[in-house]
Amino acid sequence: MPSSTPQEPISVVILISGSGSNLQAIIDANQNGDCPVHIRAVISNRPGVKGLERAQLADIETAVVDHTQYEDRETFDQALINCIDHFQPDLVVLAGFMRILTSHFVEHYMGRMLNIHPALLPDFPGLNTHERALESGVEQHGASVHFVTTEVDGGPIVLQAAVPIKTDDTAKILANRVLQQEHLIYPLAIRWYAEERIHLKNNKVIFDQKELPATGLNYAEVQQKQ
Ligand code: GRF
C-alpha cells in the first residue's frame, strides 16, 4: 500500500532498458492527468538509450546502473536497489526493462512492483512472444500488466488487452498492434495502484476489495463499463 499522504501523489520510479515507448505513454498520461503519480526518476541498465532522452525531455531525473559494469547479478541488483531507494518509491514500474531480477530484489519490492509483458500470460512468457504467437497459430494475442514475483513473467495479473492476429501479420506488425494496447493499459493499472484500487494479497490481485481471476481484468470489458 502506498505510504504517501492522501493529498500527495504516490512516488514512482520507472526502470527501462531501451526505447521507452511505455515510459512515454505513462509520461503523457501523467501530464494529461490520467495517471496522477509523481514520477521521481527513470533508471536504465543501459546507457544512451532513447528512453533516457524521453525522460530528460519531460524534466524527469534519470540515472544509469550499467549491468555490464558488475561482476554478477547480485551486485548489480544491490546497486540498482540503492539507486532506486534513493528516490523512496511507493511503486517501481518495469517498462521494457529487460533484466531477470534476483529473488532478493523482487522480495525487496514485493507488492509494489509492476511489469508489462507483450503476451496474454500465462501464454508465451519469456522472449520473442510475437514470433511464437504467430508460429503457434493462436487467433488472439496481446499484453499483460502483472505484479512482479520471483516467477519470471508469472506474477498475478492485473489487466490484459487482447488483439486479433491477422493472416498477413508479421511479428513487427503484430508487435505494433500489441504495443498500442500496452500504452493504454499500463497507465491505467498504475492509476489503479495510486488510487489504492489494486493490491497484492497472498499472491492474488485484489481489485476494489474483490479477488481477480488468474488472468486479471479484460481491458475491453473495463472500457464497456466506463
Ligand atoms: C514492449 O513490448 C514491452 O512489453 C517489452 O518490451 C517492449 C518495448 O518496450 N517488455 P518499450 O517501448 O521500451 O516500452
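Remember, it's 1-based here, ligands and their atoms both numbered in the order they're listed.
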Open item on the list: Students should be able to answer this: which protein heavy-atom is nearest to atom 9 (O) of ligand 1, and at what distance?
Closed with: Asn22 ND2, 3.7 Å
Task: Proximity to ligand 1 by part of Leu179, non-hydrogen separation under 4.0 Å - done: side chain
Task: Joint hydrophobic cluster, Tyr109 plus Ile16, side-chain heavy atoms closer than 4.5 Å - done: yes
Open item on the list: How far is atom 3 (C) of ligand 1 from the closest protein heavy atom, and which atom is that?
Closed with: Glu182 OE1, 3.3 Å
TODO: Check each atom of ligand 1 against the heavy atoms of Ile116 and keep those under 4.0 Å away; list them by number with element.
DONE: 4 (O), 10 (N)
Task: Minimum-distance protein heavy atom relative to atom 12 (O) of ligand 1 - done: Ser21 OG, 2.5 Å
- [ ] Flag yes if Leu174 and Ile116 sit in one hydrophobic cluster, no otherwise; membership is Ile, Leu, Val, Met, Phe, Trp, Tyr, and two members link when side-chain heavy atoms are under 4.5 Å apart.
- [x] no
Task: Side chains of His141 and Asp169, donor plus acceptor under 3.5 Å - done: no
Open item on the list: Are His117 and His146, when compared by the centres of their aromatic rings, separated by less than 6.0 Å?
Closed with: no
TODO: Name the closest protein heavy atom to atom 13 (O) of ligand 1, giving the residue it belongs to and the distance to 0.1 Å.
DONE: Gly20 N, 3.0 Å
Task: Ile43 with Leu52, same ILVMFWY side-chain cluster at under 4.5 Å - done: yes
Open item on the list: If hydrophobic clusters are built by linking Ile, Leu, Val, Met, Phe, Trp and Tyr wherever their side-chain heavy atoms come under 4.5 Å apart, do Leu120 and Ile157 end up in the same one?
Closed with: no
- [ ] Please determine, by modelled atom types, if Gln78 and His104 share a side-chain donor-acceptor pair under 3.5 angstrom.
- [x] yes
Task: Protein contact of atom 10 (N) of ligand 1 - nearest heavy atom, named by residue and atom, plus distance - done: Gly96 CA, 3.6 Å
- [ ] Please check atom 1 (C) of ligand 1 for a protein heavy-atom neighbour under 4.0 Å.
- [x] yes
Open item on the list: Does any N or O of ligand 1 fall below 3.5 Å from an N or O anywhere on His117, backbone included?
Closed with: no
Open item on the list: Only heavy atoms of Pro118, strictly under 4.0 Å: list the atoms of ligand 1 that pass.
Closed with: 2 (O), 4 (O)
